[in-house]
Visitor: 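Okay, here's the structure, questions in a sec.
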There are 2 protein chains.
Amino acid sequence: MNKRFSETLQIDLRSDLPIYLQLIEQIKRQIADGTLKPGDQLPTVRSLAEELRVNFNTVARSYRMLDEAGVISTQQGRGTYITEKPPPELSDRLRRESLMALASRYVREARRLGFSSDEIRQKLLDQLEVQTELNNEGE
Amino acid sequence: MNKRFSETLQIDLRSDLPIYLQLIEQIKRQIADGTLKPGDQLPTVRSLAEELRVNFNTVARSYRMLDEAGVISTQQGRGTYITEKPPPELSDRLRRESLMALASRYVREARRLGFSSDEIRQKLLDQLEVQTELNNEGE
DNA sequence: AGTACAATAATACAATGATACAATTATGAA
DNA sequence: TTCATAATTGTATCATTGTATTATTGTACT
């Protein structure tokens with residue numbers, strides 16, 4: 001049951017992180033975890049922008065930077081695609097960058113809600129226990 | 001017949017109350033009495049400043065403080081809007097639910113990337129240090 | 001006067017939006 | 001087919017909007 005790609009992206013207009021960086025972060029992560037595969041076509045800058053209710057230049061900026069990073073290939077008049085053969089070490093680097101981005105966002109948003117470092121850390125430990133219990137059975 | 005927003009604001013340059021505080025007070029009041037509704041867009045800092053004959057930094061200062069108070073949402077390059085759900089003081093219960101959701105999402109996405117509990121926990125601790133240094137948490 | 005601080009102003013910058021353009025693809029008539 | 005034309009796609013440029021940093025102004029206090 002494949003969601004529309006745009007529905008898998010969560011943009012927070014109130015975040016202190018710019019929209020174009022939020023997009024980059026999440027697309028990178030989907031590539032790293034295999035949700036997006038080499039050769040997959042991404043939505044056009046205009047259609048994705050419309051569904052996310054942002055300006056298409058903002059999407060274009062994200063695509064351009066991802067292109068420069070070598071993870072996607074944007075082609076004028078054709079569209080944008082996940083790079084066919086990512087450099088061998090790119091995938092592992094993407095994984096680590098994605099983890100860093102996730103941790104960074106968690107801390108940033110939690111701090112924005114006014115929580116202390118202790119509370120942020122403790123809640124994570126709680127969640128790690130909860131979700132680990134669930135996963136150990138099924139695996 | 002709606003007046004221009006700027007015409008509903010009375011700025012007294014001779015008041016002992018600073019301009020930016022006068023603005024904050026009056027905008028807050030208009031939100032409280034329903035004149036300004038959630039989702040409404042406020043004038044740009046420059047246009048409002050021009051009509052009020054004050055410097056746009058002064059308006060920006062008012063907007064920033066209202067943003068920090070959670071009353072409005074300022075978005076660079078887009079504009080400023082009355083916060084959708086303005087809970088005067090976010091209830092403790094809601095805050096904790098939000099933190100839980102953030103932590104849960106972090107763990108879930110990190111696991112999806114294939115990281116272990118140790119790696120997930122360690123990366124968070126790293127980020128806590130990094131972001132705490134910048135923010136000088138003690139105060 | 002001199003100092004210290006808050007309020008305001010000036011300037012440069014970053015993120016997003018609007019518009020026009022170029023490259024490619026799709027369509028259809030000859 | 002082949003060519004012309006329209007539609008679609010990304011690109012380039014500049015305008016608009018809020019942000020950050022610094023300078024200036026004004027006020028209160030010694």
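Owing to the predicted nature of the structure, the values given are computational and were not obtained by experimental measurement. Numbers restart at 1 for each chain; the letters A, B, ... are given by sequence-line order, proteins then strands.
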Visitor: Would you mind reading off the distance between R64(A) atom CZ and dT16(C) atom P, rounded to a whole angstrom?
Guide: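 From R64(A) CZ to dT16(C) P: 13 Å.
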Visitor: From the list dA20(C), dA9(C), dG18(D), which nucleotide is the closest neighbour of the side chain of R46(A)?
Guide: dA20(C)
Visitor: Separation of I24(B) atom CD1 from dA7(C) atom C1', in whole Å?
Guide: 13 Å
Visitor: Let me know, please, whether G77(A) or N57(A) comes out on the 5' side of the other along DNA chain D by nearest nucleotide.
Guide: G77(A)
Visitor: Verify whether one side chain among S104(A) and R108(A) offers a donor that lies under 3.5 Å from an acceptor in the other.
Guide: yes
Visitor: Could you tell me how far apart Q41(B) (CD) and dG18(D) (C1') are, to the nearest whole angstrom?
Guide: 12 Å
Visitor: Salt-bridged, R64(A) to E68(A), with N to O below 4.0 Å?
Guide: yes
Visitor: Closer than 4.0 Å, any side-chain N/O of Y20(A) to the OP1 or OP2 of dA15(C)?
Guide: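 So the side-chain polar atoms of Y20(A) do come within 4.0 Å of the phosphate oxygens OP1 or OP2 of dA15(C), strictly under.
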Visitor: dA9(C) P sits how many Å from L13(B) CG, rounded?
Guide: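 Nearest whole value for this atom pair: 9 Å.
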Visitor: Given dT9(D), dA10(C), dG17(C), identify the nucleotide with an atom nearest to the side chain of T44(A).
Guide: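 Looking only at side-chain atoms, T44(A) lies closest to dT9(D).
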Visitor: Measure from CG on L17(A) to C1' on dT16(C) and round the result to the nearest Å.
Guide: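 It works out to 14 Å between those atoms.
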Visitor: Of the nucleotides dT8(C), dG17(C), dT11(C), which has the atom closest to the N55(A) side chain?
Guide: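 Per side-chain heavy atoms of N55(A), the pick is dG17(C).
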Visitor: Donor-acceptor pair, distance only, cut-off 3.5 Å: does the side chain of R95(B) make one with the backbone of L113(A)?
Guide: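 A pair under 3.5 Å: yes.
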Visitor: Could you work out which one of dA23(C), dT16(C), dA15(C) sits closest to the side chain of Q76(B)?
Guide: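 Minimum distance to the Q76(B) side chain belongs to dA15(C).
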Visitor: Hey, is the main chain of G70(B) close enough, under 3.5 Å, to the side chain of T83(B) for a donor-acceptor pair?
Guide: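 The answer is yes, because a donor-acceptor pair under 3.5 Å joins these two groups.
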Visitor: Determine: side-chain N/O of T58(B) to OP1/OP2 of dA7(C), distance under 4.0 Å, yes or no.
Guide: no
Visitor: With respect to the side chain of F56(B), which nucleotide from dG10(D), dT19(D), dT16(C) is positioned closest?
Guide: dT19(D)
Visitor: Under 3.5 Å, is there a donor on one side chain and an acceptor on the other for S116(A) and D118(A)?
Guide: no
Visitor: Hey, which of these two, R78(A) or I19(A), hits DNA chain C nearer its 5' end, going by closest nucleotide?
Guide: I19(A)
Visitor: What is the separation between atom CG on L48(B) and atom P on dT17(D), rounded to the nearest whole Å?
Guide: 12 Å
Visitor: Would one find a side-chain N or O of T80(A) under 4.0 angstrom from OP1 or OP2 of dT9(D)?
Guide: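 So the side-chain polar atoms of T80(A) never come under 4.0 Å of the phosphate oxygens OP1 or OP2 of dT9(D).
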Visitor: Side chain of P18(A) only, heavy atoms from C-beta on: which candidate in dT16(C), dT11(C), dA12(D) is closest?
Guide: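 Among the listed nucleotides, the one closest to the side chain of P18(A) is dT16(C).
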Visitor: Ignoring backbone atoms, establish whether R61(A) has a side-chain N or O less than 4.0 Å from OP1 or OP2 of dA15(C).
Guide: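 It does, given that an N or O in the side chain of R61(A) lies less than 4.0 Å from OP1 or OP2 of dA15(C).
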Visitor: How many whole angstroms separate atom CD of E50(A) from atom C1' of dT8(D)?
Guide: 14 Å
Visitor: Please state how far atom CD in Q75(B) lies from atom C1' in dT19(D), giving the value in whole angstrom units.
Guide: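 Rounding to the nearest Å, CD of Q75(B) and C1' of dT19(D) are 14 Å apart.
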